[in-house]
Each structure stands twice: as C-alpha cells, then as structure tokens.
J.: 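First, the structure itself, so that you have it in front of you.
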Number of protein chains: 2
Amino acid sequence: MKPKIEDVAKLAGVSPTTVSRVMNNRGYISDETREKVQNAMNELNYFPNDVARSLFNKRSNIIGLILPTTSNPFFGELTFHLENICAEMGYKVLLCNSLNAIDKEEKYLEMLLRNQVDGIIVGTHNRGILDYHKQNLAVVAIDRYLSETIPVVGSDNYEGGTMAAELLMSGGCQCIVLIDGIGELETPARLRRKAYSDVMKRNGRAPIIYEIPEVFDRQSQQEVISRIFSEHPDVDGVFATNDLFAASFINEAKRHGKEVPGEIKVIGYDGTETAQTLMPELTTIKQPIARIARTAIDILVKKIEGDMKESPQETRLPVKIVKGTTA
Amino acid sequence: MKPKIEDVAKLAGVSPTTVSRVMNNRGYISDETREKVQNAMNELNYFPNDVARSLFNKRSNIIGLILPTTSNPFFGELTFHLENICAEMGYKVLLCNSLNAIDKEEKYLEMLLRNQVDGIIVGTHNRGILDYHKQNLAVVAIDRYLSETIPVVGSDNYEGGTMAAELLMSGGCQCIVLIDGIGELETPARLRRKAYSDVMKRNGRAPIIYEIPEVFDRQSQQEVISRIFSEHPDVDGVFATNDLFAASFINEAKRHGKEVPGEIKVIGYDGTETAQTLMPELTTIKQPIARIARTAIDILVKKIEGDMKESPQETRLPVKIVKGTTA
DNA sequence: ACATTTATGTCAACGGGTTGACATATGAAA
DNA sequence: TTTCATATGTCAACCCGTTGACATAAATGT
C-alpha cells in the first residue's frame with residue numbers, strides 16, 4: 001500500500017500534524033524535526049496525495065485543454081507551449097482532443113468540470129456559448145469567440161489575411177482563390193477570410209472561396225482542392241488559411257501539371273516549426289505560437305487567482321510574413 | 001458555490017444516499033425517484049466531484065503521458081491517438097512534455113504519482129529505470145526500455161531500418177550516411193541504427209553515423225547536417241531516423257546544390273500524416289501510430305485492471321515503406 | 001523570576017462522495 | 001397470512017490531508 005502521512009509520522013517519531021506542518025511550512029518546526037520527517041518521507045518513498053489535498057483546498061491546480069487535435073502541427077506546438085508554461089507555474093494539464101465534434105466537446109467539458117479543473121483553455125469549436133459561461137469557471141479561448149465574457153487570444157488574423165492577399169495581389173495574380181476551413185460561426189480565424197475578401201473587393205475582384213470540410217482526412221481535402229482546377233482553371237494565386245491546406249494544394253497543383261510559383265503563387269498560414277522544416281519553401285503567415293500560449297495562460301491564471309480586474313476581451317498578437325519561394 | 005450531493009438531495013426531496021444510489025446504479029431505485037433526482041441534478045447543474053470520488057475509490061481514472069514534445073509530429077499524432085483511445089475507455093490524460101530532460105521527467109513522474117494516476121505511458125528518455133519500477137504502478141513504454149518488467153511497444157525498428165538501408169543499397173548508393181538522434185542508451189529506436197549498420201557491414205561498408213543533438217532547434221540541426229557535405233562529399237544515400245531529419249537534410253542538400261534523388265537518395269522514418277502532407281515526395285518508413293497507441297493502452301489498461309497475467313515484454317508492430325520520389 | 005517565543009502533541013472537524021449496516025414501509029407473490 | 005422483493009431513509013465510518021483550537025514544555029529574553 002502507498003504510505004500515508006501517518007506512516008511517515010510513525011517512522012519519524014512525530015505526529016501527523018507535524019508532518020503536515022513540515023510539508024506546508026506552517027507553524028514552528030525545528031531543523032532537526034524537519035530532517036527526521038524528510039528522511040522518513042524518502043525512506044518510505046512518500047508523496048503526498050494531491051487528490052486529498054485538492055479536495056480539501058478546493059483547488060486542483062489542473063487546467064483543462066480542449067482543442068481539435070494535437071495531430072495538427074499548429075495545435076501540437078501550441079499544446080507543447082501551453083503545457084510547458086503551465087508546468088512552470090505549477091499547473092497540470094488535462095488534454096482533450098475534441099476533433100471539433102460538438103458532442104465530444106460537451107463530454108470533455110463535463111469531464112473537466114467533474115475533475116474540478118481550475119480553468120480551461122479552449123481552442124476548438126465554439127458552439128458551447130451556453131455551457132462555458134454557465135459555470136463560473138476561468139476560461140480563455142484561443143481564436144474562438146465563446147461569449148462576451150470569455151477573453152480571446154490569437155494572432156492578428158485580419159492583418160495576416162491582408163498581408164497574404166496583398167502579397168498575391170502585388171505579385172500580379174489575377175485569379176486568387178481562398179482555401180479555408182468550414183465557416184460555420186464567427187471566429188477570429190474567420191477574419192483571415194474577411195481580410196482576403198476585403199482586399200479582393202478593394203481591387204474590384206470577386207472572392208473565390210473553397211471550404212474544406214475535415215481537417216483530418218487527406219482524401220476529401222484533395223477532392224475539394226481538385227475542384228479548384230476544373231472550376232477555375234485560370235487560378236494563379238492561392239491563399240490557404242493554414243499550411244496543411246497550402247501543402248495539399250501544392251501537391252494537387254503538381255498533379256495537374258501546374259508550377260508553383262511559376263504558374264500559381266501560394267501562401268499559407270500558421271508557420272509552425274514543423275511546416276517550416278518539412279516545407280521551407282512555403283511562403284506563409286507565421287503566428288507567434290509561443291506568445292499566444294503565454295498570453296492565454298497569463299490571462300487564465302489571473303482569472304484563477306481571482307484577479308477579477310477586467311482582462312482584455314481580445315488580444316491580437318502580431319504575425320510575420322515568412323517569405324519562401326511559393327509566393 | 002458548486003452544488004453538492006446534499007443540495008441535489010434536498011431539491012429532489014430524497015436522501016443523499018438515494019442520490020448516490022442513482023448515480024452509481026446501486027440498490028433499488030424507482031423510475032420515479034430516479035427521474036426526480038436527475039431533474040434536480042439538471043436544474044442545479046450538478047456534476048459529481050470526481051476528486052472526492054477518486055479519493056474514496058483510490059482510483060483516479062487518470063493516465064499520465066510523458067513524452068518529449070507534442071511539437072514533434074510523431075508525438076503529436078501519437079498523443080492524439082492515445083488520448084482518444086483513453087477517452088473512449090473512460091480515462092483522462094495528464095500531459096507531460098519532458099523535452100527528454102531528465103530533471104523534468106523526474107518532476108513529472110513525481111507529479112503524476114502525487115496525482116494518483118492509475119498508469120503511465122512513457123515515450124521519453126529512459127534513464128529513470130529506478131524510479132519507474134520503484135512504485136508499483138502500471139507503466140508501458142513506447143519505444144523505450146525502462147526495465148525488464150515494463151512492457152515496450154513500438155514499430156519493428158530493426159525491420160524498418162533494414163528496409164531503409166536495403167532500399168538505398170539496392171538503389172546503387174555507394175556512400176550511405178545515417179542521421180540519427182543522440183544515442184545514449186539502448187532504446188528500440190536504436191535498432192534502426194543497428195539495422196543500418198548490419199546492412200552496411202553485410203555489404204562490406206563502414207557505417208557512417210551523424211548524431212543530431214537536439215530535436216528542437218533547427219539551427220543546430222542544420223550545422224551537423226552541413227558537416228556531412230564537407231566530411232563526406234561523395235554522400236549519395238541518406239537514411240534519417242525520422243522525417244524531420246530527412247527534411248532538414250534535403251533542405252541542406254538543396255543549399256549545397258545537390259539534387260535529390262538524382263545525386264543523393266533520401267529515406268526517412270515515421271511517416272506521419274503531417275509529413276506525408278507537407279512532404280509527400282519523401283520516401284519513408286511508416287510507423288503504425290494508431291496501432292502503437294492502441295496496443296500500448298490495451299496493455300496498460302490490463303495492468304491497471306489487475307490482469308496480472310504476463311503482458312508481452314516487447315511488441316513490435318509492422319512498418320510499411322512509403323515510396324515517394326526521394327529514394 | 002516572569003513573559004515570550006519556539007516546538008510539538010492531541011483532537012476534531014472538514015472537503016464531497018461512497019458504502020455497509022440497519023430500519024421501515026409498501027406491494028406482490030405464495 | 002406470511003414472505004419476499006422493492007424502495008427509501010438514517011447513520012457512521014472511510015478515503016487522506018489540512019487546519020484551527022488548545023495544551024504542554026523547553027528555550028530565550030528582560
């Protein structure tokens with residue numbers, strides 16, 4: 001059986017209270033006793049039971065993280081940074097890959113609530129407006145509007161979208177297509193699309209938008225992308241709202257015998273380390289992932305620690321254009 | 001304040017015990033009562049406190065996951081599958097990105113123990129031989145030897161390494177270089193190197209091995225790789241033990257004016273979805289990531305549920321060669 | 001010599017839910 | 001009528017660590 005405080009106390013020849021005092025640095029303890037207790041803990045391989053502590057303290061020091069999937073390099077890297085920062089600050093991370101499925105998201109939310117998480121970072125679907133703010137729980141969203149009271153952190157999507165569209169425009173592209181995810185609701189990431197549309201309109205062009213249903217199935221992605229070539233054979237510029245879409249498009253372009261950037265210029269979005277390594281030639285809009293993570297956690301922790309002074313409703317971190325050779 | 005069982009009981013006009021019986025399906029409950037209780041729970045937005053449950057049951061239903069970093073697409077995808085399978089089986093996942101740092105790994109291990117996890121999946125450094133088996137905790141390793149008693153799950157590294165080396169060999173390569181991570185200890189992934197060396201020796205060649213220190217810094221990777229060109233200008237075949245290394249090499253080859261596969265053939269390892277999307281031309285050895293995840297969890301859960309019948313010490317899942325155009 | 005500070009002990013309540021023991025009461029089957 | 005399965009209640013102990021109240025005693029200060 002796992003040793004408990006009582007076992008440590010017995011071995012150290014002190015009372016359980018004293019052991020607790022040692023662990024929590026409360027009251028008076030002599031160096032001698034402290035040492036005895038610590039020796040006993042080592043000898044028994046004792047670790048305090050955080051479940052019991054959490055119960056009493058009503059504080060789990062756990063943060064829930066809900067996002068589509070760590071398979072996507074953007075979220076993989078984001079997850080890494082978020083978890084790292086949490087660990088640094090003494091928080092633990094319960095991971096949830098919701099795959100943007102509403103039912104999963106709901107189940108995960110309930111799971112996190114049952115587990116008494118101190119806060120949640122949400123980087124996924126946004127329908128749960130009701131559920132998220134119903135509990136009065138610290139929540140921060142990444143690139144999602146969940147409700148008026150939930151702070152949002154993300155890159156400056158509109159600026160990024162503008163940069164991308166204008167780069168293609170100034171590169172002389174005549175037929176610029178946008179490849180985006182499915183656009184159900186008003187997310188900040190949607191501003192990439194809005195920026196594209198605005199640039200197009202400003203230049204007297206009609207936006208051409210293709211929506212890719214699933215992030216997780218290469219097959220169906222290819223099909224949508226393939227349609228671009230039949231429906232817009234004159235396409236000579238593509239802005240993809242993430243690097244994976246951009247890569248898929250480039251692959252498809254090759255299959256159609258089109259040269260990038262000779263015949264078609266392509267620019268992506270995200271600029272993950274992974275994409276930069278695997279496809280360094282890709283021109284893309286790089287999000288400051290580490291800063292997004294840091295900012296989100298900072299705001300969340302302030303909320304948790306009860307710093308109720310208004311946190312900024314929306315934080316837009318600057319993006320950078322990474323010039324490869326594809327645009 | 002969060003509602004508790006007592007509040008539900010009051011609202012439903014029953015006793016706390018009855019509420020507990022409803023939640024746990026124990027004893028006799030009439031449909032009528034069950035409904036009253038459920039209505040009360042909904043009305044109050046009640047969720048049972050899993051911390052309290054865990055404390056009593058001595059079972060947290062939490063699995064700890066320690067791996068280098070979810071930034072790496074292999075671990076990102078592995079994490080996704082592991083977490084998904086866990087969720088399916090009612091387990092939650094506490095995520096730890098150890099960056100292969102021993103001190104971090106130790107802190108994480110302690111954290112997981114304090115949190116009373118039911119089991120741990122380890123996909124990281126392996127030094128902690130002592131610590132992992134000291135506690136009698138369910139542990140399964142992914143591609144790491146931790147101790148004789150800890151099951152290991154991974155791809156058939158030796159077979160994969162052999163396939164890769166032989167492909168280059170049969171492609172007529174004369175000077176075949178291996179790019180590997182740092183090789184401190186005897187990990188199964190090290191078998192990729194062993195297979196390469198064996199193939200080389202079998203063909204009367206001396207193995208040429210380059211070790212890349214950090215997985216996480218593109219800069220220093222490039223430096224090591226660059227050395228290959230000065231030290232072995234006649235290199236015409238490269239086996240990289242992961243796709244990121246392969247990509248880095250290919251980038252560097254371009255900078256050195258070498259054509260792939262014309263002048264140098266390259267083959268990687270892992271075959272993640274991400275790499276396949278971003279660099280579909282890369283020839284690689286594809287690991288069955290989903291199966292690795294499934295197998296690891298299956299074994300772990302059996303251990304947790306006390307199915308003490310020997311689990312296989314080592315499981316080697318078959319790899320597939322994915323022929324791109326780089327080799 | 002007396003007041004403080006330091007050091008430790010005992011004890012009980014608490015956090016929220018679970019469970020076994022036991023009591024009670026109805027309706028149905030024998 | 002008796003028995004039994006069904007249905008619910010009360011109560012207390014338990015999971016493990018924390019904390020406040022209170023007691024005791026030695027060491028230190030004045």
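Every chain is numbered from 1 and lettered A, B, ... according to where its sequence line falls, protein lines coming before strand lines.
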J.: Write down the distance between CZ (A/Arg21) and C1' (D/dT19), rounded to a whole number of angstrom.
T.: 10 Å
J.: Enumerate all atom pairs, one protein N or O and one N or O from nucleotides 27-30 of chain C, separated by less than 3.5 Å.
T.:
none

J.: May I ask you to say what B/Val14 touches in the nucleic acid, namely base, sugar-phosphate or nothing, with a heavy-atom cut-off under 4.0 Å?
T.: sugar-phosphate
J.: Sub-3.5 Å donor-acceptor pair from the side chain of B/Lys2 to the main-chain atoms of B/Phe47, do we have one?
T.: no
J.: OP1 or OP2 of C/dC14 sitting under 4.0 Å from any side-chain N/O of A/Lys58?
T.: no
J.: Indicate yes or no for a side-chain donor-acceptor contact from A/Asp118 to the backbone of A/Asn61 under 3.5 Å, with no hydrogens or angles considered.
T.: yes
J.: Let's see if you get this right: which residues in residues 23-40 of chain B place a heavy atom under 4.0 Å from DNA chain C?
T.: B/Met23, B/Asn24, B/Arg26
J.: Which residues pass the salt bridge (Lys or Arg N to Asp or Glu O under 4.0 Å) test with A/Glu88, not counting sequence neighbours?
T.: A/Arg294
J.: Is B/Ser54 side chain donor-acceptor paired with the D/dC15 base, going by distance under 3.5 Å alone?
T.: no
J.: Step through the shown structure and confirm whether more than 12 heavy atoms of other residues, nucleotides or ligands are within 6.0 Å of CD on B/Gln313.
T.: yes
J.: Please report the distance, rounded to the nearest Å, between NZ in B/Lys2 and C1' in C/dG15.
T.: 12 Å
J.: Taking the side chain of B/Ser20 as heavy atoms from C-beta outward, which of D/dG9, C/dT19, D/dG17 is closest to it?
T.: C/dT19
J.: Begin with the C-alpha distance, continue with both residues' side-chain angles, and end with the deciding distance and a verdict on side-chain contact (heavy atoms from CB on, under 4.5 Å) for A/Tyr91 and A/Val301.
T.: CA-CA 9 Å; A/Tyr91 286 98; A/Val301 168; 3.8 Å; yes
J.: Both B/Phe56 and A/Asp50 contact DNA chain D. Which one's nearest nucleotide lies toward the 5' end?
T.: B/Phe56
J.: Assess, by modelled atom type and distance only, whether the side chains of B/Thr315 and B/Thr295 contain a donor and an acceptor separated by less than 3.5 Å.
T.: no
J.: Would you say the side-chain atoms of B/Glu77 pair up with the backbone N or O of A/Thr70, donor to acceptor, closer than 3.5 Å?
T.: no
J.: Below the 4.0 Å mark, does C/dG16 have OP1 or OP2 next to a side-chain nitrogen or oxygen of B/Lys4?
T.: yes
J.: Taking all atoms of both residues into account, what is the closest heavy-atom pair of B/Ile85 and B/Ala290, and its distance?
T.: CD1-O, 4.4 Å
